[in-house]
Amino acid sequence: MIDLRSRIRDVPDFPQKGILFKDITPLLSDPRALAEAVRRMAETVVPPEAVVAIESRGFIFGTALALSWGVPFVPARKFGKLPGKTVRQIYSLEYGEDTLELHADALHAGQRTVIVDDLLATGGTALATTQLVEQLGAKVEALLFVIELRGLGGRERLASYPVQALIEYEVAEEPR
Ligand code: AMP
């Protein structure tokens with residue numbers, strides 16, 4: 001079994017002072033480790049009927065998972081990027097707010113989805129994505145992450161859903 005943790009690089013004070021950024025590019029540059037990460041993520045849940053992945057690093061793992069399960073890939077994008085009719089969800093950041101969108105026809109009522117991102121911190125981004133999926137009447141069966149920063153309340157915020165992460169870190173302070 002490959003030590004995936006050794007393929008995550010800590011970058012202090014990026015993108016701003018006080019943030020310990022978890023850089024996944026060493027994992028991406030190692031095809032065996034990347035394949036193992038995707039395989040392990042795929043094994044943690046019952047295959048869904050669609051993968052909803054969060055812009056932008058979630059797309060890397062979400063695409064691979066959708067292909068491995070043979071199910072549709074649905075991008076959750078930042079405001080203004082999707083050309084068709086959309087549903088929107090505003091969510092809070094430490095300073096200010098942001099908006100995520102899904103194409104309104106991307107999912108159908110009752111469709112079983114899994115939400116994918118690279119990293120879970122406070123859970124605000126992931127929770128907004130669950131709300132988008134549910135606006136379309138689809139179901140969130142699980143949320144999958146490569147990395148979980150524990151101690152920031154993400155798992156607690158997502159308490160009504162199964163949450164899985166390959167690598168966990170205990171952190172004491174806000175990541176951003
Ligand atoms: P949150 O909404 O607080 O759970 O933040 C999750 C999103 O922010 C994910 O899309 C991550 O890619 C990004 N993020 C937050 N903190 C970090 C960190 N320390 N290192 C890398 N990415 C992060």
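Counting starts at 1 for both ligands and their atoms, following the listed order.
- Contact annotation: Ala126 has no heavy atom less than 4.0 Å from any atom of ligand 1.
- The list of side chain to side chain donor-acceptor pair (under 3.5 Å) pairs with a residue in residues 133-143, not counting sequence neighbours, reads Gln89-Gln135, Arg112-Glu141, Glu134-Tyr161.
- Note on residues 65-84: pairs passing side chain to side chain donor-acceptor pair (under 3.5 Å), not counting sequence neighbours, are Glu55-Arg77.
- Atoms of ligand 1 lying under 4.0 Å from any heavy atom of Asp118, numbered from 1 in the order shown and given with element: 9 (C), 10 (O), 11 (C), 12 (O).
- Checked against a 3.5 angstrom limit, the closest N/O atoms of Ile19 and ligand 1 fall outside it.
- To the nearest 0.5 angstrom, Ile90 atom CD1 is 4.5 Å from Thr99 atom OG1.
- Between Phe145 and Phe61, the gap from one ring centroid to the other reaches at least 6.0 Å.
- Hydrophobic clustering keeps Phe73 apart from Ile115 (ILVMFWY residues linked when any side-chain heavy atoms are closer than 4.5 Å, directly or through intermediates).
- Checked by distance only, ligand 1 and Phe21 stay at 3.5 Å or farther apart across all their nitrogen or oxygen atoms.
- Of the N or O atoms in Glu55, none lie within a sub-3.5 Å distance of an N or O in ligand 1.
- Within the model, atoms CG of Leu120 and CG of Leu144 stand 11.5 Å from one another, a figure rounded to the nearest 0.5 Å.
- Listed by number with element, the atoms of ligand 1 under 4.0 Å from a non-hydrogen atom of Thr125 are 1 (P), 2 (O), 5 (O), 6 (C), 7 (C).
- Between the side chains of Thr44 and Gln164, no donor N or O sits under 3.5 Å from an acceptor N or O.
- Atoms of ligand 1 found under 4.0 Å from any heavy atom of Thr122 (numbered from 1 in listed order, with element): 1 (P), 2 (O), 3 (O), 4 (O).
- Atoms of ligand 1 lying under 4.0 Å from any heavy atom of Asp117, numbered from 1 in the order shown and given with element: 9 (C), 10 (O).
- Near Leu149, the atoms of ligand 1 lying under 4.0 angstrom from a non-hydrogen atom of the residue are 19 (N).
- For ligand 1, the atoms sitting less than 4.0 Å from at least one non-hydrogen atom of Arg57 are 12 (O), 21 (C), 22 (N), numbered in the order shown with element in parentheses.
- Of the heavy atoms in Leu119, both backbone and side-chain atoms come closer than 4.0 Å to ligand 1.
- In this structure, Arg32 does not pair ionically with Glu36, as no charged nitrogen and carboxylate oxygen lie closer than 4.0 Å.
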